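The structure appears right after this line, and notes come after that.
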Amino acid sequence: MDQLILAIAQRLAAASGLPVAELVALIEVPPDEKMGDLALPCFRLAGKLKKKPPEVAADFAAALAGSGSPVAGASAAGAYVNIRLDRAALAAAVLGEVSGSASGLPVSKPGAGQTAVIEFSSPNIAKPFTVALLRGTALGAALSRIHEALGFKVVRCDYFGDWGTQFGKVITAFRKWGSEEKLKSEPIGHLLELYVRFGEEAKVNPALDEEARAVFRKLEDGSAEEMALWERFRSLSVAEFERVYARLGIKFDSYDGEAYYRNKVQAGVDFLRAKGLVEQSQGATIVNLEKQKLGVMLLLKSDDASIYASRDVAAALDRQERFRFSKLIYVVGADQKLHFQQLFKSLELAGCEWAKACRHVDFGLVLIGGEKMSTRAGKVVLLGEVLDKAAELAAKIIAEKNPEMPNKERAAEAVGVGAVAFTSLVTRRNKDVDFAWERILSFDGETGPYLQYTHARLCSILRKAGGAPAGAVDLGLLATDEEHGVVKQLGRMSRILADSAENCEPALLASWCLDLAGAANRFYNQHRVIGEDAALTAARLALVDAVRRRLRAVLELLGLVALEEM
RNA sequence: GCGCCCGUAGCUCAGAGGAUAGAGCGACGGUUUCCUAAACCGUAGGCCGCAGGUUCGACUCCUGCCGGGCGUACCA
């Protein structure tokens, strides 16, 4: 597609004397397919050419009209030039690109040789994995795969919340009310129960908070007894999180969390101090960013204990040292926006030129009934529960629709997870979303299962036909609107993939994927693929195979399993 | 108080300077002797929060206001 646009821009440049790049940037897709495949608005060009917009459009249309492939026709409509493409030429270019790539992904790898460090998910251990955490997890995992598709080496970091006063609370609660059996049978559930109970009891008995702080101090001092409990809670939590990640198809390269950095905090603070950025204020150690209108960043509390900001400084310095990244992406909720602005500004002021390679990819909250979820109040929806319900529902539907199918359990799990994962990716990340069972458990319309269904249908057609055509195929036979519509969608992928990475916005890829699937469904609903005419059958099979490959590649980028049957 | 984000069809969301603002869900109607009906086609449904401004042109950019969310030094 991109080459065809370039070819057209070159012709117009030759005819008008305008720069090619300017024309390329202006060429767009018209709002209605009936107008044409491409359009060029001439408002801005008119001034440069000292003519009225409709005149320019008429001149351009005339220049293109008889110019031959890839232009099949051009006409002026007011200030616009509407261009129809040679469908055979477009099909040959697009299907050629798809079959030239084993993975189904675009072949260009602009990220080759670069490293992207991506921090995401980052659950607090001893707290359950909720649907609120899913949002950042699905986002970060998709961004990781998207960067890999562009050639980046990606380091996935799960920055565990495994240090802090809350462990003093959990340890204290466990000693008072804990049960060994329950810890074994349902570790996180039990730890959560203890944490919630601690919160309630501390309300009427503030001495508990004091006790928990003391326990955390012992932990920071490395007291063996406390450390042993902490280790146990941590490893139980990690095991449980890894089960969730396995269901979602995610693997991390590093689980180094806040605890890992606890001994590097002082070096981080000293680094900033050496640059003259550190002040004492109200007994605490801070970086004053009032001049930058970013308030103050608290580094060390008045008792010299570390806090998240100082741990993040240490982590950033360490990651730069270890990975020499060209991008460091923090996939963290929008409620921490100020914190990251402060962090990046401090690094920048400290002379770290790599600070500009750091980016906070923020996302809106997941609310429940319009309110923020609260672990302490026990008002949460557990991800495991959502995945179970979704898989169960999928199993029921499969039993109805396709009872003979082998591997029904695997398909049900894939469809259930697909529905849940896709729902958390389609909405642009800056919006808050309200969790709704009926939405996340929907398999109809713009959903993950719809995409998986489309892929399964395409596979089914290829299975019946005995595979994709082997020899040369006459793609000029793909002349109908529906076939052409599919080809145009296929041709958009490389642009969309690059935009998704640039904006750290998998939703762009997700909604394009829906467009592609929609075009494919319209196509095979309207036209039978396997028919009497061998040449036409071969051409349509080639199209089906190309869509199948691209769809599969995108589904996997988004974290969905591309089923061959469902 | 100040800062950031959001406000588009009954609901969930696209569109982010350009042509008549689009999907899905829900509602109503249609399509299966045919490669999977988790699909496809059609109908109904809109003062794009409100008011100004910039522009040849504003849902889109600027200002103000209203409504919701989040943040604003010892939680992360």
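Not measured: the values here are computed from a predicted model. Each chain gets a letter, A, B and so on, in the order the sequences are listed, and its residues count up from 1.
Straight-line distance between the P atoms of B/C62 and B/G10: roughly 28 Å, to the nearest whole Å. Of the P atoms belonging to B/A19 and B/U60, the separation is 13 Å, rounded to the nearest Å. Separation of the P atoms belonging to B/U8 and B/C40 is 26 Å when rounded to the nearest angstrom. To the nearest whole angstrom, the two C1' atoms, one in B/G57 and one in B/C34, are 50 Å apart. Going from the P atom of B/G49 to that of B/A9 covers 8 Å, rounded to whole Å. Of the C1' atoms belonging to B/A76 and B/U20, the separation is 49 Å, rounded to the nearest Å. With both ends at atom C1', the span from B/A14 to B/C48 equals 13 Å, rounded to whole Å. Across B/G30 and B/A37, the matching C1' atoms stand 13 Å from one another, rounded to whole Å.
Heavy atoms only, all atoms of each residue included: A/L508 and A/I496 are closest at O-CG2, 3.7 Å.
The aromatic rings of A/Y255 and A/F160 lie parallel to each other, with less than 30° between the two planes, well short of the 60° mark.
Nucleic acid contact for A/P41: none, since no nucleic acid atom lies under 4.0 Å from a heavy atom of the residue. Contacts of A/A456 with the nucleic acid, taken as non-hydrogen atoms under 4.0 Å apart, include base atoms. Among the heavy atoms of the strands, none lies under 4.0 Å from A/N288. No contact: A/V544 has no heavy atom under 4.0 Å from any strand. Base contact: A/I398 has a heavy atom under 4.0 Å from a base atom. If you check every strand for non-hydrogen atoms under 4.0 Å, A/H527 touches a base. Across all strands, A/A465 comes closer than 4.0 Å to no nucleic acid atom at all (heavy-atom distances). Note on A/R463: nothing from the nucleic acid sits closer than 4.0 angstrom, heavy atoms only. Within the nucleic acid shown, A/E258 comes within 4.0 Å of sugar-phosphate atoms alone, with no base atom in reach, counting heavy atoms only. Contacts of A/P53 with the nucleic acid, taken as non-hydrogen atoms under 4.0 Å apart, are absent. A/M566 comes within contact range of at least one nucleobase, with a heavy-atom separation under 4.0 Å.
Under 3.5 Å, the side chains of A/T454 and A/N521 contain a donor-acceptor pair of N or O atoms. Side-chain contact of A/D256 with A/Y159: a donor-acceptor pair under 3.5 Å is absent, judged by distance alone. For A/H527 and A/E482, the side-chain atoms include at least one donor-acceptor pair closer than 3.5 Å. Checking A/R311 against A/S306 by side-chain atom types alone, a donor-acceptor pair falls below 3.5 Å. Side-chain atoms of A/Q282 and A/S302 form no donor-acceptor pair, as typed in the model, at a separation below 3.5 Å.
For the salt bridge (charged side-chain N to carboxylate O under 4.0 Å, His left out) test, residues two or more places apart in sequence or in another chain that qualify with A/D499 are A/R495.
In the set B/A73, B/G15, B/C13, the nucleotide with an atom closest to the side chain of A/I286 is B/A73. When distances run from any side-chain atom of A/R439 to the nucleotides B/C34, B/A14, B/C13, the shortest one goes to B/C13. Considering only side-chain atoms of A/I307, the nucleotide from B/G15, B/C75, B/C70 that sits closest is B/C75. Comparing B/A73, B/U12, B/A19 by their nearest atom to the side chain of A/L298 picks out B/A73.
Remark: C1' of B/C74 and NE2 of A/H339 are 14 Å apart, rounded to the nearest angstrom. A straight line from CE of A/M373 to P of B/G69 spans 17 Å, rounded to a whole angstrom. If you measure from atom CZ of A/F216 to atom C1' of B/A76, you get 12 Å, rounded to the nearest angstrom. A/Y195 places its OH atom 12 Å from the P atom of B/C75, with the value rounded to the nearest Å. Atom P of nucleotide B/U12 and atom CD1 of A/I368 are separated by 16 Å, given to the nearest angstrom. Going from atom CZ of A/F340 over to atom P of B/G71 covers 14 Å, rounded to whole Å. For the pair A/D312 CG and B/C75 P, the interatomic distance rounds to 15 Å; values are reported in whole Å. Here B/A73 presents its P atom at 15 Å from CG of A/L299, a figure rounded to the nearest Å.
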Watson-Crick and G-U pairing of RNA chain B, under 3.5 Å, as dot-bracket with | and [ ]:
(((((((..((((....[...)))).(((((.......))))).....(((((..]....))))))))))))....
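The pair A/D37-A/R84 fails the salt-bridge criterion, with no side-chain N (NZ, NE, NH1 or NH2) lying under 4.0 Å from an Asp/Glu carboxylate O.
Taken from CD in A/E200 to CG in A/L208, the straight-line distance is 12.0 Å, to the nearest 0.5 Å. With rounding to the nearest 0.5 angstrom, the CD atom of A/E404 is 10.5 Å from the CD atom of A/E565.
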Tabulate atom names and distances for all N/O pairs under 3.5 angstrom spanning the protein and nucleotides 2-5 of chain B.
from: B/C5; atom 1: O2'; to: A/N430; atom 2: O; distance (Å): 3.3

Between the protein and nucleotides 57-62 of chain B, list the N/O to N/O atom pairs that are separated by less than 3.5 angstrom.
none

Please tabulate the protein-to-nucleotide N/O contacts below 3.5 Å involving nucleotides 39-41 of chain B, giving atom names and distances.
from: B/A39; atom 1: OP1; to: A/G445; atom 2: N; distance (Å): 2.9
from: B/A39; atom 1: O2'; to: A/N521; atom 2: OD1; distance (Å): 3.0
from: B/A39; atom 1: O2'; to: A/N525; atom 2: ND2; distance (Å): 2.8
from: B/C40; atom 1: OP1; to: A/Y450; atom 2: OH; distance (Å): 2.8
from: B/C40; atom 1: O4'; to: A/N525; atom 2: ND2; distance (Å): 3.1
from: B/C41; atom 1: OP1; to: A/R522; atom 2: NE; distance (Å): 3.3

Polar atoms only, N or O, under 3.5 Å: list the protein pairs with nucleotides 45-48 of chain B and their distances.
none

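Judged by distance alone, the side chain of A/E446 and the main-chain N or O of A/L514 form no donor-acceptor pair under 3.5 Å. Here the side chain of A/R540 pairs a donor or acceptor atom with the backbone of A/R528 at under 3.5 angstrom. Side-chain N or O atoms of A/Q452 include one that pairs as donor or acceptor with a backbone N or O of A/A414 at under 3.5 Å. Side chain of A/T480 to backbone of A/E483: a donor-acceptor contact under 3.5 angstrom is found.
Both the sub-6.0 Å distance and the 45° axial angle are not jointly satisfied by A/K127 relative to the ring of A/F129.
Taking the ring centroids of A/F216 and A/W163, they lie under the 6.0 Å cut-off. Taking the six-membered ring for Trp and the full ring otherwise, A/Y330 and A/F344 have centroids separated by under 6.0 Å.
Remark: of the listed residues A/L12, A/L45, A/V56, A/L45 is the sole one forming a side chain to side chain contact (heavy atoms under 4.5 Å, CB included) with A/L18.
Contact of A/S281 with B/A73 (side chain to base): a donor-acceptor pair of N or O atoms is detected under 3.5 Å. A donor-acceptor contact under 3.5 angstrom links the side-chain atoms of A/S302 to the base of B/C74.
Regarding contacts with the backbone of B/C75, a side-chain N or O of A/K301 is found under 4.0 angstrom from either OP1 or OP2.
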